[in-house]
Protein chains: 2
Amino acid sequence: MQTELPPRERILDAAYELFSQRGIRDVGVEEVMVRSRVAKATLYRHFPSKDALVLAFLARREQRWTLGMVEAGARDRGRTPEERLLALFDVFDEWFHRDDFDGCSFVNVLLEMRWGHPLGRASIQYLENIRAIVRSMAEEAGLRDTDSFARSWHILMKGSIISAAEGDADAARRAQAMARALIEQHRRPQS
Amino acid sequence: MQTELPPRERILDAAYELFSQRGIRDVGVEEVMVRSRVAKATLYRHFPSKDALVLAFLARREQRWTLGMVEAGARDRGRTPEERLLALFDVFDEWFHRDDFDGCSFVNVLLEMRWGHPLGRASIQYLENIRAIVRSMAEEAGLRDTDSFARSWHILMKGSIISAAEGDADAARRAQAMARALIEQHRRPQS
DNA sequence: GGAGGGAGTAAGACCGGTCTGTCTCCTACC
DNA sequence: GGTAGGAGACAGACCGGTCTTACTCCCTCC
């Protein structure tokens, strides 16, 4: 039998599953405790408040989702920089078809908590980090106006995620088609 | 002095402001009561539950926002069918720059309540209604594959709304540029 | 026209449940 | 034996929803 993970890891694992699938307000700390088989005092020893736990969840989400699944997945699939950009939507396509598809936690938390709330602010920062990855890929591809490109690209990413949440599992393919046109319009030299 | 609106209207007005600006879970029925200057029994006489009140809010949101602001606004601004489609993002541009910009309530409620919950289901239906408007405009414009067109177009709409919620007030212009390319690709005959 | 009654409303007490967060008590292990 | 952790009671706040009380208005009927 495997040795059980230390309490802090169990808490973070449980929080990740619950928060990513069901959102923040719908999940109480007690549910996190039960799933991680941890006492309340232990949870509050490691995290001073629920908000702090959510912040830790968002950081883990960036590691696993933004960096692990999205960025690394796209970089693995494409050979050229442009292929890697487009592969972002291949990763999304596979993600949208998974039955445990859970949407973008950063968007979810932002809309659940709104601007102004610390968790909303943090989510905005993590979304900006995603745009930075796109921008860097666009620079590798030699595109022009990479900041504007990344913002437009991000519109396609977020819009397709919402559509997938509505039930359109093919939203990534539609977004990818528009993404191709966007690349075309950002090729040097000025068209 | 103007005569006060009947209680039901006062309740719906208060619910509209509160729910559209702050979401569902963050607003308690007591806050709706206070703002509408209505007693609790009165609220529960007109609406059997908070969920029923939220459903009424969503219906009013469709009337005011989907039909009143978005569709009517776009139809007023454009002369040709294609201009009317693109004018959707002119309406968005103005909306994004308003200081009381509140995002798309249907997306907000869907992400707050999730699939499965009756309010999430209702939101998905109202989002489908938006796509039906886009589809009908696309048919007027003589575009081909109008269902797929409307789904792609909707990705641009929702993505730009999320970007605006993040703080990018110019998201509508970026989406409009991609929208132009999308129209181009859906012109008859097959390009 | 005046009395009576019923419907609608305001104000708010109240109930059961849930939430976050604190605290106590006990066990196990190093 | 001291520290970390499990189990859970507890506090204080808030939630949705029910119910009571008192008042006002309007319709009706004599």
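Order of the sequence lines sets the chain letters (A, B, ...), proteins ahead of strands, with each chain counted from 1.
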> Roughly, in whole Å, what's the span from CZ in B:R25 to C1' in D:dC15?
Replying inline: 12 Å

>> Regarding B:R45, tell me which of base, sugar-phosphate or nothing describes its non-hydrogen contacts under 4.0 Å with the strands shown.
In response: base

>> Would you call the rings of B:Y126 and B:F106 parallel, tilted or perpendicular, taking 30° and 60° as the class edges?
In response: parallel

>> Please identify which of these residues, A:E112, A:R60, A:R61, meets the side-chain hydrogen bond (donor to acceptor under 3.5 Å, both in side chains) condition with A:S105.
In response: A:R61

> Heavy atoms under 4.0 Å, any strand shown: does A:R10 hit a base, just sugar-phosphate, or nothing?
Replying inline: sugar-phosphate

> Could you give the CD-to-C1' distance, from B:E9 to C:dT9, as a whole number of Å?
Replying inline: 16 Å

> Does a side-chain N or O from B:T42 land closer than 4.0 Å to OP1 or OP2 of C:dG8, or not?
Replying inline: no

> Can you check the A:R8 CZ to D:dG5 P distance for me, whole Å?
Replying inline: 11 Å

> With a non-hydrogen cut-off below 4.0 angstrom, is A:V32 in contact with a base, only sugar-phosphate, or nothing?
Replying inline: nothing

> Using the ring of each side chain (for Trp, its six-membered ring), is A:F57 parallel, tilted or perpendicular to A:Y16, with breaks at 30° and 60°?
Replying inline: perpendicular

> Of all the nucleotides listed (C:dT20, D:dT18, C:dA11), which has the minimum atom distance to the side chain of A:K40?
Replying inline: C:dT20

>> Quick check on DNA chain D: between B:G28 and A:P7, whose nearest nucleotide comes earlier from the 5' end?
In response: A:P7

> Start at the 5' end of DNA chain D and walk down; is the nucleotide closest to A:H46 or to B:P48 reached first?
Replying inline: A:H46

>> Rounded to whole Å, how long is the line connecting atom CG of B:L43 with atom P of C:dA11?
In response: 14 Å

> Between B:E17 and B:R22, is the closest basic N to carboxylate O distance under 4.0 Å?
Replying inline: no

> Nearest of D:dG6, D:dG17, C:dT20 to any side-chain atom of B:K50?
Replying inline: D:dG17

>> Walk me through whether B:I133 and B:L67 qualify under side-chain contact (heavy atoms from CB on, under 4.5 Å).
In response: CA-CA 9 Å; B:I133 291 171; B:L67 304 177; 3.9 Å; yes

> From the list C:dG21, C:dA10, C:dT24, which nucleotide is the closest neighbour of the side chain of A:S49?
Replying inline: C:dG21

> Taking the nucleotide of DNA chain C with the closest heavy atom to each, which residue, A:A41 or A:I24, is nearer the 5' end?
Replying inline: A:I24

> Between atom CG in B:L53 and atom P in D:dC15, what is the gap in whole Å?
Replying inline: 15 Å

> Roughly how many Å is it from CD1 in A:I11 to C1' in C:dT20, rounded to a whole number?
Replying inline: 15 Å

> Rounding to a whole Å, what distance do you find between B:Y44:OH and C:dG12:C1'?
Replying inline: 15 Å

> Using a cut-off of 4.0 Å on non-hydrogen atoms, how would the nucleic acid contact of A:V34 be classed: base, sugar-phosphate, or nothing?
Replying inline: nothing

> Please give, in whole Å, the distance from D:dA13 P to B:E30 CD?
Replying inline: 15 Å

